[in-house]
Amino acid sequence: MADSDGRHCASGQSGATWFLADTATPTPVTRECTVPTNAHLAFPIVNHLGTRQACDQFMAAALGTAVLDGTMKEAERLGAVDIKIAGAPGNPVTSETPLSTQACGLWIQLPPLSQGTHTLKIMGRAVAKSVDVTYTLHVQ
């Protein structure tokens with residue numbers, strides 16, 4: 001989330017799904033990433049960690065869009081779901097302490113993109129959070 005330009009886009013990525021982060025700041029962020037051709041993409045438009053009540057309030061105000069190469073993509077509204085986050089050194093959410101909480105948000109999952117360069121624009125807001133991030137995705 002704190003990646004200002006995409007240089008950490010591949011950090012911790014493995015498996016069939018490639019996760020793209022939202023932002024830790026309300027100011028616009030532009031990132032450039034190289035993504036494998038067989039990777040499915042998953043990313044939040046806006047998301048929240050907290051109590052079930054906080055998630056309900058967050059989702060009541062959650063709005064946003066994602067546009068891939070000029071085409072609007074439909075987001076899935078995910079209400080409060082129990083999750084466990086593993087603690088790890090350098091983890092900006094939990095530090096080294098594991099965390100049990102609820103997660104909610106507007107999420108999108110996409111099939112693998114065709115080889116080449118794609119532009120993904122993500123904009124969202126809810127309660128006190130706003131997201132404005134543009135990805136240039138190089139699929140190879």
Side-chain angles (χ1 to χ4, degrees):
M1 288 176 44
D3 187 359
S4 62
D5 59 12
R7 76 181 74 185
H8 302 292
C9 189
S11 296
Q13 302 280 7
S14 65
T17 302
W18 193 274
F19 291 91
L20 301 175
D22 62 1
T23 59
T25 173
T27 57
V29 174
T30 301
R31 296 181 180 137
E32 193 163 345
C33 296
T34 300
V35 178
T37 55
N38 62 344
H40 293 255
L41 298 178
F43 56 91
I45 293 176
V46 289
N47 64 344
H48 180 73
L49 299 176
T51 65
R52 191 164 305 279
Q53 181 180 13
C55 271
D56 290 346
Q57 292 171 347
F58 185 86
M59 291 306 294
L63 299 169
T65 60
V67 178
L68 176 66
D69 297 333
T71 302
M72 184 86 67
K73 298 299 177 181
E74 188 72 26
E76 184 176 356
R77 296 183 71 84
L78 299 173
V81 176
D82 293 330
I83 65 166
K84 292 183 180 181
I85 299 172
N91 183 323
V93 176
T94 66
S95 174
E96 294 185 29
T97 306
L99 174 66
S100 292
T101 189
Q102 283 77 43
C104 55
L106 301 176
W107 278 80
I108 293 184
Q109 296 182 58
L110 298 174
L113 302 179
S114 62
Q115 193 167 18
T117 300
H118 301 271
T119 301
L120 175 64
K121 175 74 172 170
I122 304 166
M123 294 184 71
R125 63 182 166 85
V127 188
K129 181 171 185 163
S130 64
V131 173
D132 183 345
V133 61
T134 301
Y135 278 95
T136 299
L137 302 170
H138 303 287
V139 180
Q140 54 185 325

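These numbers were taken from a predicted model, which means no experiment stands behind them.
Contact record, Cys55 with Ala103: SG-C, 3.9 Å, taken as the closest heavy-atom pair. Of all heavy-atom pairs between Thr37 and Pro112, the closest is O-CB, 3.2 Å.
If you chain together hydrophobic residues whose side chains sit under 4.5 Å apart, Trp107 and Val46 never meet in one group. Leu110 and Val131 fall within a single hydrophobic cluster, where Ile, Leu, Val, Met, Phe, Trp and Tyr are joined by side-chain heavy atoms under 4.5 Å apart, directly or via other members. Cluster annotation: Met123 and Val29 are assigned to distinct hydrophobic clusters (Ile/Leu/Val/Met/Phe/Trp/Tyr, side-chain heavy-atom contacts under 4.5 Å, transitive).
Scored by the salt bridge (Lys or Arg N to Asp or Glu O under 4.0 Å) test, Arg125 finds no partners at all (sequence neighbours excluded).
Put simply, the side chain of Thr101 gets close to the backbone of Gly50: a donor and an acceptor are under 3.5 Å apart.
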request  = Could you check Arg77 against Leu106 for side chain to side chain contact (heavy atoms under 4.5 Å, CB included), going step by step and ending with a plain yes or no?
outcome  = CA-CA 5 Å; Arg77 296 183 71 84; Leu106 301 176; 3.4 Å; yes

inquiry  = Assess the residue pair Asp56 and Gln102 against the criterion (side chain to side chain contact (heavy atoms under 4.5 Å, CB included)); give the C-alpha distance rounded to whole Å, side-chain angles, the decisive distance to 0.1 Å, and a yes or no.
reply    = CA-CA 11 Å; Asp56 290 346; Gln102 283 77 43; over 6 Å; no

inquiry  = Determine whether Asp22 and Ile122 satisfy the following criterion, side chain to side chain contact (heavy atoms under 4.5 Å, CB included), listing intermediate values before the conclusion.
reply    = CA-CA 8 Å; Asp22 62 1; Ile122 304 166; 6.0 Å; no

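Looking only at side-chain heavy atoms (C-beta outward), Ile108 and Ile45 come within less than 4.5 Å of each other. At least one side-chain heavy atom of Thr117 sits less than 4.5 Å from a side-chain heavy atom of Thr136. The closest side-chain heavy-atom distance from Cys9 to Leu20 is below 4.5 Å. Contact of the Leu41 side chain with the Leu113 side chain is registered, since non-hydrogen atoms from C-beta on lie closer than 4.5 Å.
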Could you pull out all donor-acceptor pairs under 3.5 Å where a side-chain atom in residues 83-90 meets a protein atom, sequence neighbours excluded?
none

Sequence neighbours excluded and cut-off under 3.5 Å, please list the side-chain donor-acceptor pairs for residues 59-76, or say none.
{"residue": "Asp69", "atom": "OD1", "partner": "Thr119", "partner atom": "N", "Å": "2.8"}
{"residue": "Asp69", "atom": "OD2", "partner": "His118", "partner atom": "ND1", "Å": "2.5"}

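Summarising the geometry, atom CZ belonging to Phe19 is positioned 14.5 Å from atom OG belonging to Ser11; distances are rounded to the nearest 0.5 Å.
Pairs of residues two or more places apart, or lying in two chains, never qualify as ring pair (Phe, Tyr, Trp, His ring centres under 6.0 Å) while including a residue from residues 62-88. Screening residues 120-140 for ring pair (Phe, Tyr, Trp, His ring centres under 6.0 Å) gives no qualifying pairs among residues at least two apart or on separate chains. Within the structure, ring pair (Phe, Tyr, Trp, His ring centres under 6.0 Å) pairs that include any residue of residues 26-84 comprise His48-Phe58 (at least two apart or interchain).
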